[in-house]
Number of protein chains: 2
Amino acid sequence: MTETAAETAGGRRSDRTRAAILTAARERFAADGYERATIRAIAADATIDPAMVMRYFGNKEKLFAAAAEFDLRLPDLSALPREELGAALTSHFLDRWEGDESLKALLRASVTNEVAADRMRELFAAQLGPMIAKLSASTASAASSATAGGANTVDAASSVDVATRAGLVATQALGFALCRYVLALPPVANLSREEAVAWLGPTITRYLTGTPSTGTRQANTS
Amino acid sequence: MTETAAETAGGRRSDRTRAAILTAARERFAADGYERATIRAIAADATIDPAMVMRYFGNKEKLFAAAAEFDLRLPDLSALPREELGAALTSHFLDRWEGDESLKALLRASVTNEVAADRMRELFAAQLGPMIAKLSASTASAASSATAGGANTVDAASSVDVATRAGLVATQALGFALCRYVLALPPVANLSREEAVAWLGPTITRYLTGTPSTGTRQANTS
DNA sequence: GTCTATAATTCGATAGAC
DNA sequence: GTCTATCGAATTATAGAC
C-alpha cells in the first residue's frame with residue numbers, strides 16, 4: 001500500500017498532504033456524518049484540491065475507511081479488583097473519546113453507513129471481547145481448582161458468555177457517547193469526568209463480570 | 001382507484017393518503033436515516049406521486065417532523081416498589097421500540113439532523129423528567145414527615161437532580177436501542193426480552209432513583 | 001386533486017492540461 | 001503531483017396542464 005515512487009524528497013510532502021486530508025476527514029465525518037460530509041468540504045478544510053482526495057484515496061468509502069481506522073487501546077485490567085473494573089474502563093473510554101475524533105466519526109457514520117456499522121461491530125467483537133475473556137481467564141485460574149470437576153468452559157467466572165458481556169458494555173458505553181457527544185443532552189454533557197465514572201462504573205463492572213442481579217439478592221429473572 | 005361515485009364523506013381520501021405517506025415516511029426514515037430517505041422513495045412506498053408529498057407536507061423537514069411526532073406513553077410507576085422500577089420501565093421501553101417505528105426513525109435521524117436531535121432532547125427532558133419527579137414526590141411524601149425540618153426541595157428521595165437522572169436513563173435506554181436495532185450487534189440483538197429486562201433493569205433502577213453506588217455501601221460521589 | 005416536466009443545486013468521479 | 005473543467009446522476013422543489 002505504501003508509495004512505490006523512489007523519490008526521496010517528493011515522498012515526504014505527499015505524506016503531509018495525506019495526513020492533512022485524514023485529519024480534515026475525521027473532523028468532517030465526526031461533525032456531519034457520512035453522507036453530509038462532502039469531499040469538497042474536506043478538501044477545503046485541508047486547503048487542497050478536491051481532486052487530490054480522489055487521487056490519494058480512490059473514493060469516498062475508502063477515505064472514510066482510512067479515517068475511521070483506529071484502536072480502542074484497551075488497557076490490561078487483570079490486576080485490578082473486580083469492583084474497580086468498571087470505573088477503570090469507563091475512565092479509559094472517556095480518554096479515548098475526548099482525545100480522538102475517530103470514534104465520534106465512526107459513531108455518527110455507523111448509523112447510516114453499512115461499512116461504518118461493520119467496523120463498529122468488529123470493534124466490540126474483536127477488541128473488547130478478547131479483553132473480557134482475558135479478564136475471566138485470570139479470575140478463573142484461582143477458582144478453577146475449587147470448582148474442579150465443572151464444565152471445561154474457558155471462562156469459569158460467569159455463566160454469561162463473553163460476547164454478551166461485551167455487547168452489554170457496548171450498550172452503556174455507546175449510549176453515553178451518543179448522549180454526551182452526538183445528541184448533547186444537557187444533563188449528560190454537563191457531567192464532570194468524575195461524576196461520569198461514578199455513575200457508569202458500577203454498571204460497566206456488572207456487565208464486565210457478567211453479574212445479572214444487583215448486589216444484595218440473587219433474583220430469579222422470570 | 002378512481003371511484004368517484006362512492007364518496008360517502010368529504011375529505012376522507014385525503015386523510016387516507018396523508019396517513020399512507022406518514023407510514024411510508026416512518027419506515028424509510030427508520031431504515032435509512034434522514035438524508036438517505038428520499039421523498040421519491042417514500043412516495044413510491046405509498047404508491048403515490050412524489051409531488052403529492054410536497055403538497056401535503058410542504059418540504060422534507062416538515063414531513064419528518066410530522067412522521068417523528070410521538071409520545072413515550074410513560075406509565076405511572078408510583079405504586080411499584082423501588083427495586084422493580086427499572087424492570088418495569090425497561091419492559092415498557094421494549095414495547096414502545098418494537099411496536100412503533102417512529103422511535104427508530106427518530107434515533108437514526110437525530111444523529112445527523114438537528115431538528116431530530118432537538119426533538120430527542122425534548123423527549124427526555126419533557127416526558128421522562130416529569131415522570132421521575134413524580135416518582136420522587138410520591139416517595140418523599142412518606143419520608144417528608146420524618147426528615148421534617150429539612151430543605152423545602154421537592155424531591156427529597158435523592159440528592160441527584162431529576163434532569164441528571166433522566167439523562168442517565170437516556171444513556172442506557174438509547175444505547176441499548178442503538179446497539180440492538182440500529183447497529184444490530186449480534187449479542188445484543190439476540191437477547192431475549194426477559195434477558196434484556198434482567199440486565200438493564202437494575203441499571204435503570206439505580207439511575208431512576210439516583211443511587212450513585214451499588215447496593216452494599218453508601219459511597220460519597222466526590 | 002393528480003401528475004408531467006423541469007428548474008436549480010449539489011455531489012462523486014473522470015479526463016486531461018501543465 | 002496539482003489543478004481546471006466538466007460529466008452524469010441524484011436530489012429537493014416549483015410551475016402548470018389536465
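Letters A, B, ... are given to chains in the order of the sequence lines, protein chains preceding strands, and every chain is numbered from 1. What you see is a predicted model, and the numbers here were worked out from it, not measured in a lab.
For the pair Arg55(A) CZ and dG1(D) P, the interatomic distance rounds to 7 Å; values are reported in whole Å. Atom CG of Asp49(B) is separated from atom P of dA15(D) by 17 Å (rounded to the nearest Å). dT2(C) atom C1' lies 15 Å from atom CZ of Arg16(B), rounded to whole Å. As a whole-Å value, the separation of Ile21(B) CD1 from dC3(C) P is 11 Å. Rounded to an integer number of Å, the gap from CD1 of Ile48(B) to P of dT4(C) is 13 Å.
Heavy atoms only, all atoms of each residue included: Arg26(B) and Asp100(B) are closest at CD-OD1, 4.3 Å.
Under 4.0 Å is where a charged nitrogen must lie from a carboxylate oxygen, and between Arg73(A) and Asp95(A) no such pair does.
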Show me the dot-bracket string of DNA chain D, counting Watson-Crick or G-U pairs under 3.5 Å, with | for pairs to another strand and [ ] for crossing ones.
||||||||||||||||||

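Atom CZ of Arg96(B) sits in a crowded spot, with more than 12 heavy atoms from other residues, nucleotides or ligands closer than 6.0 Å.
For dG1(C), one of the phosphate oxygens OP1 or OP2 lies less than 4.0 angstrom from a side-chain nitrogen or oxygen of Ser14(B).
Within 4.0 Å (heavy atoms only), Tyr56(B) reaches sugar-phosphate atoms of the nucleic acid but no base atom.
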Base versus backbone protein contacts along nucleotides 11-18 of chain C [heavy-atom cut-off under 4.0 Å; B, S, -]
BBSB----

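Looking at residues two or more places apart in sequence or on another chain, you find no salt bridge (Lys or Arg N to Asp or Glu O under 4.0 Å) involving Glu61(A).
Arg165(A) and Thr209(A) share no side-chain donor-acceptor pair at under 3.5 Å.
Residues in residues 25-57 of chain A take part in these ring pair (Phe, Tyr, Trp, His ring centres under 6.0 Å) pairs, two or more places apart or across chains: Phe29(A)-Tyr34(A), Phe29(A)-Phe64(A), Tyr34(A)-Phe64(A). Screening residues 108-117 of chain A for side-chain hydrogen bond (donor to acceptor under 3.5 Å, both in side chains), with sequence neighbours left out, gives Glu35(A)-Thr112(A), Glu114(A)-Arg121(A).
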Run the side-chain donor-acceptor check on residues 166-190 of chain B: report pairs under 3.5 Å with partners two or more places apart or on a different chain.
{"unit_1": "Thr171(B)", "atom_1": "OG1", "unit_2": "Gln172(A)", "atom_2": "NE2", "d": "3.2"}
{"unit_1": "Thr171(B)", "atom_1": "OG1", "unit_2": "Leu168(B)", "atom_2": "O", "d": "2.6"}
{"unit_1": "Gln172(B)", "atom_1": "OE1", "unit_2": "Tyr207(A)", "atom_2": "OH", "d": "2.8"}
{"unit_1": "Gln172(B)", "atom_1": "NE2", "unit_2": "Thr171(A)", "atom_2": "OG1", "d": "3.2"}
{"unit_1": "Arg180(B)", "atom_1": "NH1", "unit_2": "Val188(B)", "atom_2": "O", "d": "3.0"}
{"unit_1": "Arg180(B)", "atom_1": "NH1", "unit_2": "Leu191(B)", "atom_2": "O", "d": "3.0"}
{"unit_1": "Arg180(B)", "atom_1": "NH2", "unit_2": "Leu191(B)", "atom_2": "O", "d": "3.1"}
{"unit_1": "Tyr181(B)", "atom_1": "OH", "unit_2": "Glu98(B)", "atom_2": "OE2", "d": "2.5"}
{"unit_1": "Asn190(B)", "atom_1": "ND2", "unit_2": "Pro186(B)", "atom_2": "O", "d": "3.1"}

